[in-house]
Amino acid sequence: TMLPQIFISAFVLLLPVASGSFPEVYGMGGEPVTLPCSYPESRALSFVCWGRGECASDTCGQTLVWTDGNRINYRTSSRYQINAQLLQGNASLTIDYAYVSDSGLYCCRVEMKGWDGVQTLTTSLQVQPGSNSTRTKGLAIGLSIFVLLLVLVSSLVVANYIFMKKRPGSQSLVAFCVSKIRTLLNKEAAPR
Ligand SMILES: *[C@@H]1O[C@H](CO)[C@@H](O)[C@H](O)[C@H]1NC(C)=O
């Protein structure tokens, strides 16, 4: 039948759309990342918006921030900064503190005055987990201490179990050690 061929050609046709057809920007978790978007400086600006997802014909996806060129009219988080040189043709978006979950497609949509004055750009952002972020470090240290304590306690329990098996009916390992230390201290303290 023709079905497998249809599937394969559909897959081959969709492949470039799914990966690598958009300019890629790489960022580190916990650090700022800038998504570029520029337009001709000569044109008067009427509207800029940034959104999550691919640019659609008349929207910038799920809007994160938009401006009329004079002020920020709307933004979903203070992490999103639109470039201050908006009127000089630079509409880049800076995410102040990037998270891994910020990875994905972003749309920059610039509307200029006059007819046919719309420019769109879809960019793919990849945020790698930052190994130097304090949160990751704290988590790693906490986990290490927890594992170390777990190992220590389990080896004590096992040692005590072996000790009790060798000398049935006697005191536990801890009590034995304490009494040994006590006799040692008494001997040291005893006058000659
Ligand atoms: C636009 O501004 C951003 C952030 O200030 C900067 O990193 C970038 O180089 C600028 N792009 C251009 C084309 O000037």
Side-chain angles (χ1 to χ4, degrees), residues 7-146:
F7 269 125
I8 288 167
S9 37
F11 184 69
V12 169
L13 284 175
L14 288 174
L15 206 60
V17 177
S19 66
S21 66
F22 303 115
E24 302 220 339
V25 170
Y26 295 91
M28 270 291 203
E31 282 170 26
V33 63
T34 297
L35 301 170
C37 181
S38 48
Y39 60 96
E41 192 184 333
S42 54
R43 304 289 300 271
L45 196 77
S46 66
F47 179 86
V48 172
C49 72
W50 276 94
R52 283 299 285 263
E54 195 175 340
C55 290
S57 58
D58 55 356
T59 68
C60 55
Q62 188 193 332
T63 303
L64 298 172
V65 51
W66 72 267
T67 170
D68 59 8
N70 297 315
R71 62 186 187 94
I72 302 290
N73 300 73
Y74 170 84
R75 67 175 166 182
T76 54
S77 162
S78 57
R79 291 192 302 136
Y80 302 121
Q81 312 281 352
I82 284 195
N83 196 286
Q85 284 117 40
L86 210 56
L87 298 176
Q88 281 87 58
N90 190 343
S92 69
L93 175 78
T94 297
I95 303 176
D96 271 347
Y97 189 104
Y99 294 111
V100 173
S101 58
D102 289 327
S103 299
L105 297 180
Y106 285 78
C107 171
C108 170
R109 181 184 174 86
V110 179
E111 287 178 19
M112 289 153 279
K113 294 202 171 110
W115 69 284
D116 196 27
V118 175
Q119 182 189 298
T120 58
L121 173 71
T122 303
T123 306
S124 172
L125 173 65
Q126 306 257 338
V127 180
Q128 265 102 37
S131 55
N132 59 347
S133 88
T134 44
R135 214 172 64 164
T136 313
K137 249 187 201 166
L139 208 72
I141 290 170
L143 208 70
S144 313
I145 290 173
F146 177 74

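Keep in mind it's a predicted model, so treat the numbers as computed, not measured. One-based numbering, in listed order, for ligands and for the atoms of each. Computed from heavy atoms alone, side chains included, the values below leave out hydrogens, waters and symmetry copies.
No more than 12 heavy atoms of other residues, nucleotides or ligands sit less than 6.0 Å from atom CD of Gln62.
Under the salt bridge (charged side-chain N to carboxylate O under 4.0 Å, His left out) criterion, Arg52 pairs with no residue, sequence neighbours left out. In this structure Ser101 satisfies the side chain to side chain contact (heavy atoms under 4.5 Å, CB included) test together with Tyr99, sequence neighbours excluded. Checked against side chain to side chain contact (heavy atoms under 4.5 Å, CB included), Ser46 has the following partners two or more places apart in sequence or in another chain: Glu111, Lys113.
Using a 4.5 Å heavy-atom threshold, the side chains of Tyr106 and Cys37 count as separate.
Between Cys107 and Cys55 the SG-SG gap is short of 2.5 angstrom.
For ligand 1, the protein residues placed under 4.0 Å by at least one non-hydrogen atom are Asn83, Asn90, Ser92.
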